[in-house]
Number of protein chains: 2
Amino acid sequence: MIPDEDFDARAADAALTASRALMGVVARSVAGVLEIVTLPQFRVLVLLDTSGPLRMGVLGEAIGVLPSTLSRAIDRIVEAGWVRRTTRPASRREVLIELTPAGQNLVTHALEQRRDNIADILSVLSPDQKSAIVSAFELFARAAGETSSKDLLILGI
Amino acid sequence: MIPDEDFDARAADAALTASRALMGVVARSVAGVLEIVTLPQFRVLVLLDTSGPLRMGVLGEAIGVLPSTLSRAIDRIVEAGWVRRTTRPASRREVLIELTPAGQNLVTHALEQRRDNIADILSVLSPDQKSAIVSAFELFARAAGETSSKDLLILGI
DNA sequence: CACAACAATTGCAAGCATACATTTATGGCG
DNA sequence: CGCCATAAATGTATGCTTGCAATTGTTGTG
């Protein structure tokens, strides 16, 4: 009989290896984008994609940078055409940041490419194997619990 | 009967979700390090960890930066104590870069933390579930093929 | 040995992120 | 209405990365 620790260790190692494979997929999907925008800039775009338009304060809080840092970062990506500043009539001292269609495209495209890459990898497997992977991945994701967006933003996901 | 495309789509989605969970783990393990060294600097350390001591030229080629960029980057992480410059007696125009014990620790610690985080997640599962995950992850990693270090370096893995 | 090829570094310059302090505009409250 | 709090932007400064061009030191070759 196999001792529990050994079994657990093998499980963790397998997950680590799979994580390398998955990260490779992610890295490739991000690589293209990083030739267009910087990682901190991409983080902003991803956050706006998942959360919709946000105030400067909220946005800065979410990605963990000071207001002054964010203000200048927004300057640059507004200049580049990925986002837009909107002053809300209700409270004219608050500034809403929202994705432009171009910015939306940029994020959507990166996510779609990642999904396609994964589909490519799975395409060589038999239906049985695929279904085993689906169950296992769903199981793992559930065990991991809600992955906080904050963590993922570090990598610009 | 379920059409193939639907099934494939669900598989890719499950993999995507699992990838978010795994990347959360990776992100957390990287987050701590990024308060100590920058991402490009961490890339250098990770590469030296997996490849051993490297010449400036090879190192620059591997992480895709110009020699001048690398030279100054090395200046800084030498100054910080993570790596060491070694002039090889055999060819005095070549400079070998190698991790110091401190640099080695930094990388090792980040990887260990990632592995521990994964083990934590798996700890709530039953042996059967764990074994299903192990098989599925091993299967996926094999299907993904060799993940090039070059890709992974983008994210500093 | 002289000269070309190579390895690494340095000079010079730009862009980006970041931080702290200050300023401007606006909103809320007594 | 006047004052204070709030939201964002600016002034100022530092450090990292990146790029192109020029330089220094070293190796190998004719």
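All figures in this text were calculated on a predicted structure; none of them were measured in a lab. First the proteins, then the strands, lettered A, B, ... as listed; each starts at 1.
Relative to the side chain of Arg76(B), the nucleotides dT27(D), dC16(D), dC20(C) differ in distance, and dC16(D) lies closest. Closest to the side chain of Arg85(B), out of dT9(C), dA9(D), dA7(D), is dT9(C). Relative to the side chain of Pro67(B), the nucleotides dT9(C), dA8(D), dT10(D) differ in distance, and dT9(C) lies closest. Considering only the side chain of Ser68(B), dT10(C) comes nearest among dT10(C), dT10(D), dT27(D).
Contact detail for Ala143(B) and Val124(A): the closest heavy-atom pair is CB-CG2, 4.1 Å. Leu122(B) and Lys130(B) get closest at one heavy-atom pair: O-CE, 3.2 Å. Scanning all heavy atoms of the two residues, the minimum distance from Arg114(A) to Val30(A) falls at NH1-CG2, 4.1 Å.
With rounding to whole Å, Ile77(B) atom CD1 is found 11 Å from dC16(D) atom P. In this structure, the CD1 atom of Ile63(B) is 11 Å from the C1' atom of dT17(D), given to the nearest Å. Going from atom CD of Glu61(B) over to atom P of dA8(C) covers 12 Å, rounded to whole Å. Between the P atom of dA7(D) and the CG atom of Leu66(A) lies a distance of 15 Å, rounded to the nearest Å. Taking atom CZ of residue Arg88(A) and atom P of nucleotide dG27(C), one finds them 10 Å apart after rounding to whole Å. At whole-Å resolution of the value, CG in Leu39(B) and P in dT18(C) are 12 Å apart. Atom CE of Met56(B) is separated from atom C1' of dT24(D) by 15 Å (rounded to the nearest Å). Between the CD1 atom of Ile36(B) and the C1' atom of dC16(D) there is a distance of 17 Å, given to the nearest Å.
Taking side-chain N and O atoms only, Thr38(A) has a distance below 4.0 Å to OP1 or OP2 of dA17(C). Between Ser71(A) and dA9(D), a side-chain N or O to OP1/OP2 separation shorter than 4.0 Å is present. Residue Arg93(B) has no polar side-chain atom (N or O) positioned under 4.0 Å from OP1 or OP2 of dC6(C).
Judged by distance alone, with hydrogens and angles left aside, Arg72(B) brings a side-chain donor or acceptor within reach of the base of dG11(C), the pair sitting under 3.5 Å.
At least one side-chain heavy atom of Arg85(A) sits under 4.5 Å from a side-chain heavy atom of Asp75(A).
Remark: side-chain polar atoms of Thr50(A) are paired, donor with acceptor, to backbone N or O of Leu47(A) under 3.5 angstrom.
Where Pro40(A) and Ser91(A) meet DNA chain C, the nucleotide closest to each residue was compared, and Pro40(A) sits on the side nearer the 5' end.
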